There are 2 protein chains.
Amino acid sequence: MSHVTLEDVARAADVSLATASRALNGRRVTPHLHDRVLAAAARLAYTPNAHARALAGASRRSVGVVCHDVTDPYFAAVAGGVMRVAADNDLLVMLASTFRDPEREIAYVSMLRAERAPAILLIGSGFEDPRWERAMAAELAPYLDGGGRVAVVSRHRTLKVDSVLPENRAGAAELARALLGLGHRRFAVLSGPPELTTVADRLGGFRDELTAAGVALGPGAVAEAAFTRDGGYRAMTELLDRGLDATCVFACTDVMAVGAYAALRDRGLSVPGDVSVAGFDDIPVVRDLTPPLTTVALPLHRLGEEAMNLALTENTGRRRRIVRLPGEVVMRASTAPVA
Amino acid sequence: MSHVTLEDVARAADVSLATASRALNGRRVTPHLHDRVLAAAARLAYTPNAHARALAGASRRSVGVVCHDVTDPYFAAVAGGVMRVAADNDLLVMLASTFRDPEREIAYVSMLRAERAPAILLIGSGFEDPRWERAMAAELAPYLDGGGRVAVVSRHRTLKVDSVLPENRAGAAELARALLGLGHRRFAVLSGPPELTTVADRLGGFRDELTAAGVALGPGAVAEAAFTRDGGYRAMTELLDRGLDATCVFACTDVMAVGAYAALRDRGLSVPGDVSVAGFDDIPVVRDLTPPLTTVALPLHRLGEEAMNLALTENTGRRRRIVRLPGEVVMRASTAPVA
DNA sequence: CTGAAAGCGCTTACAG
DNA sequence: CTGAAAGCGCTTACAG
């Protein structure tokens, strides 16, 4: 591991370390010397050691991002927004994928803290578990005290930091109204892990709106599974096994809806002929399904952009900043009026 | 930015810096002192400064990964494999998304070099452009000389480094045979940017196999566009506008096939009734399309795993290592026999 | 504008 | 086993 150092460059350009450093960092230096330094650096293929720089007090250009699963289209889309802003600001992104393991999420925050990332983004629903919340807070507190900035997407209750919040509750309520408007009165829901804040909000918003309309959503009408395509398949299958008594199924995420489509297909049921299906998120692929999926469209790319922007700008106020992004119900062919 | 340092911990535990360092790194230390150090570190919420560590010679635990676009399902799947191996090895991943901009790819490698990443992975087809190839080689050479390791997925001609190569040419040829076996004789192809090595291989393998069977693929039968869903839509539309004279369309990537489906649907054409469609990659979603897509299945997750494994293990031989992963033709309902 | 020097926070031979 | 000290490669006051 022999590396060309600043000292090598300084020697080659016959200037002092300080001058070489200044020239490379665009500070005032006699043009003549400036050129000599740059030429020497280029000739030696010099790359500054980011660690030495960081240790010497230069500001870091690598931010940390933690999400649940990079292969999930929802996170991929949000990450796309994050990467866009990062690229525009010449930032490198240290991306961690927790594989939906709460412990691992905390371990990653700790690693990112060790890296002295100037900012950490937490993407995706938090866990409503007191023990976990305490551990995460304990990890974040010293980081924030040390001047680190934190921004999150989709988790409010747990962390008191700058947040980008999709309006899950309102979106689910609006979807419920639209579905009621189609004449549906018997619903079922494919729900995710109950400890995720997103689940509580979407399920709650949906149920409350039904209740307000005098429509009940019995416990037997809700099936829980993982927030994955296969989870959606399993939950839908379970509902079918229980003897599905609904004209419309709401999947808490589009990804689950994709699995639900497959489960229904495997039972020979058609959408929306036999049952209407609606999702949430509007991940890119759902418009290419057959039939295209009715869903609550979230500006996924913007979720990531806004979070990164929060993390990159100073919060001058005394309170944490919250960016609320509304969802928009998009009716597509997967939901039909009740005959 | 006031941080707790090792010195703070040492003082709190009333030991020397060296002893504190050793205790924290699991080296031999009297149990008594060991406990005192760990207790002090925990009490102070100490996190070692990764930069100081790196500078002092400890090995780095952050590898660099460069891909074209994190929102693309192909890269997301490969990245999933990468993240898996990284997590198993307690590594942090610095992930860069080039947005398919060759210049940006080189800039990222340079940043990763500055970060002294012990390994850099380049995921996705390289560019067949002499100027670009030279610039990339110039960036990589000093990195390799300095002990850095490089592994790539999907690019052979350009870089002489450890590689994971999907057998694009053989896969495309096998697909051609399967399609010929269905009775097709008139083909069209949705191709990507010709400067991508992947395009040359897949298109070449497909065309050569047709030629061997005495079937020509005229220049008018090939439409070029971006390796994206919208690119696929545009290319398919262009083919249709030219007056498509084919019973089967081969999209060089599944993502493009998704766009092609939409274009055909918009023209009122059915798959495979009016035209058969086949893709390449087997990204997760294609089995959920209607009809499910015939394609060449690549072990996407493994592509990422193998690349990371190459980057993590020493190459003891004198030649670069190459892991070839074969694709497997998967016939689904999007391709039908010719009547 | 330029240079000598201190200091960032660790790790690791080197003595003891 | 433990500690004092050097050194990793930079940046940045501080003099000049």
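Residue numbers begin at 1 in each chain, while the letters A, B, ... track the order of the sequences. Worth saying up front: this structure is predicted, and the values here are computed from it rather than measured.
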Chemist: Reckon A:Ser16 has a side-chain N or O less than 4.0 Å from the OP1 or OP2 of C:dA4?
Modeler: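 False: A:Ser16 side-chain N/O out of range (4.0 Å or more) of C:dA4 OP1/OP2.
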
Chemist: OP1 or OP2 of D:dC1 versus the side-chain N and O atoms of B:Thr30: is any pair under 4.0 Å?
Modeler: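 No.
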
Chemist: Is the shortest distance from a Lys or Arg side-chain nitrogen in A:Arg84 or A:Glu306 to a carboxylate oxygen in the other one below 4.0 Å?
Modeler: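 Between A:Glu306 and A:Arg84 there is no salt bridge, as every charged N stays at least 4.0 Å from the carboxylate O atoms.
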
Chemist: Report the nucleotide, chosen from C:dG9, D:dT2, C:dG3, that has the shortest atom-to-atom distance to any side-chain atom of A:Ala18.
Modeler: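 Nearest to the side-chain atoms of A:Ala18, counting from C-beta on, is C:dG3.
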
Chemist: Just the rounded figure in Å: distance from P of C:dT2 to CG of A:Leu33.
Modeler: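 Whole-Å distance recorded here is 5 Å.
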
Chemist: Rounded to whole angstroms, how far apart are CD on B:Glu7 and P on C:dG9?
Modeler: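 The answer, rounded to whole Å, is 9 Å.
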
Chemist: Decide side chain to side chain donor-acceptor pair (under 3.5 Å) for A:Arg116 and A:Ser62; before the verdict, give the C-alpha distance in whole Å, the side-chain angles of both, and the deciding distance to 0.1 Å.
Modeler: CA-CA 9 Å; A:Arg116 297 298 184 267; A:Ser62 310; over 6 Å; no

Chemist: Check whether any side-chain N or O of B:Asn49 sits under 4.0 Å from OP1 or OP2 of C:dC8, and answer yes or no.
Modeler: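 Answer no for this pair, as no side-chain N or O of B:Asn49 is under 4.0 Å from OP1 or OP2.
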
Chemist: Without decimals, in angstroms, what is the distance between A:Glu115 CD and C:dG9 C1'?
Modeler: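 Interatomic distance, CD of A:Glu115 to C1' of C:dG9: 14 Å.
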
Chemist: Give the rounded distance in Å between these two atoms: CG of B:Leu55 and P of C:dC8.
Modeler: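 So the CG-P distance, B:Leu55 to C:dC8, works out to 13 Å.
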
Chemist: Can a side chain N or O of A:Arg27 be found less than 4.0 Å away from OP1 or OP2 on D:dT12?
Modeler: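 Yes, A:Arg27 has a side-chain N/O under 4.0 Å of OP1/OP2 on D:dT12.
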
Chemist: Of the candidate nucleotides D:dT12, C:dC10, D:dG9, which contains the atom at the shortest distance from the side chain of A:Ala56?
Modeler: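 Among D:dT12, C:dC10, D:dG9, the one nearest the side chain of A:Ala56 is D:dG9.
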
Chemist: Decide yes or no, distance alone: a donor-acceptor N/O pair under 3.5 angstrom between the base of C:dG3 and the side-chain of A:Arg22.
Modeler: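 Yes, the side chain and the base share a sub-3.5 Å donor-acceptor pair.
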
Chemist: C:dC10 P sits how many Å from A:His51 NE2, rounded?
Modeler: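 Answer to the nearest Å: 14 Å.
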
Chemist: State the dot-bracket string of DNA chain D. Criteria: Watson-Crick or G-U wobble, both atom distances under 3.5 angstrom; notation: ( ) intrastrand, [ ] crossing earlier pairs, | interstrand, . unpaired.
Modeler: |||.||||||||.|||

Chemist: Rounded to the nearest 0.5 Å, what's the gap from CE on B:Met308 to CE on B:Met83? Could you check?
Modeler: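 Going from the CE atom of B:Met308 to the CE atom of B:Met83 covers 8.0 Å.
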
Chemist: In terms of side-chain geometry, is the basic nitrogen of B:Asp162 or B:Arg320 positioned less than 4.0 Å from the acidic oxygen of its partner?
Modeler: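 Not counted as a salt bridge, because no side-chain N and carboxylate O are separated by less than 4.0 Å.
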
Chemist: Name the one of B:Phe99, B:Tyr74, B:Tyr108, B:Phe127 that satisfies ring pair (Phe, Tyr, Trp, His ring centres under 6.0 Å) with B:His68?
Modeler: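 Checked B:Phe99, B:Tyr74, B:Tyr108, B:Phe127 against B:His68; only one passes ring pair (Phe, Tyr, Trp, His ring centres under 6.0 Å): B:Phe127.
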
Chemist: Under 4.0 Å between a Lys/Arg side-chain N and an Asp/Glu carboxylate O for A:Asp72 and A:Arg100?
Modeler: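 Yes, this pair counts.
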
Chemist: Between D:dC10 atom P and A:Arg61 atom CZ, what is the distance in whole Å?
Modeler: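 Rounded to whole Å, this separation is 18 Å.
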
Chemist: Just how far, in rounded Å, is P of C:dT11 from CG of B:Leu17?
Modeler: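 Atom-to-atom, B:Leu17 to C:dT11, this comes out as 9 Å.
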
Chemist: Below 4.0 angstrom, N of the basic side chain to O of the carboxylate: do B:Glu115 and A:Arg53 qualify?
Modeler: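 No salt bridge links B:Glu115 with A:Arg53.
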
Chemist: It should be established whether A:Thr19 places a side-chain nitrogen or oxygen under 4.0 Å from OP1 or OP2 of nucleotide C:dG3.
Modeler: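 A:Thr19 to C:dG3 OP1/OP2: side-chain N or O found under 4.0 Å.
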
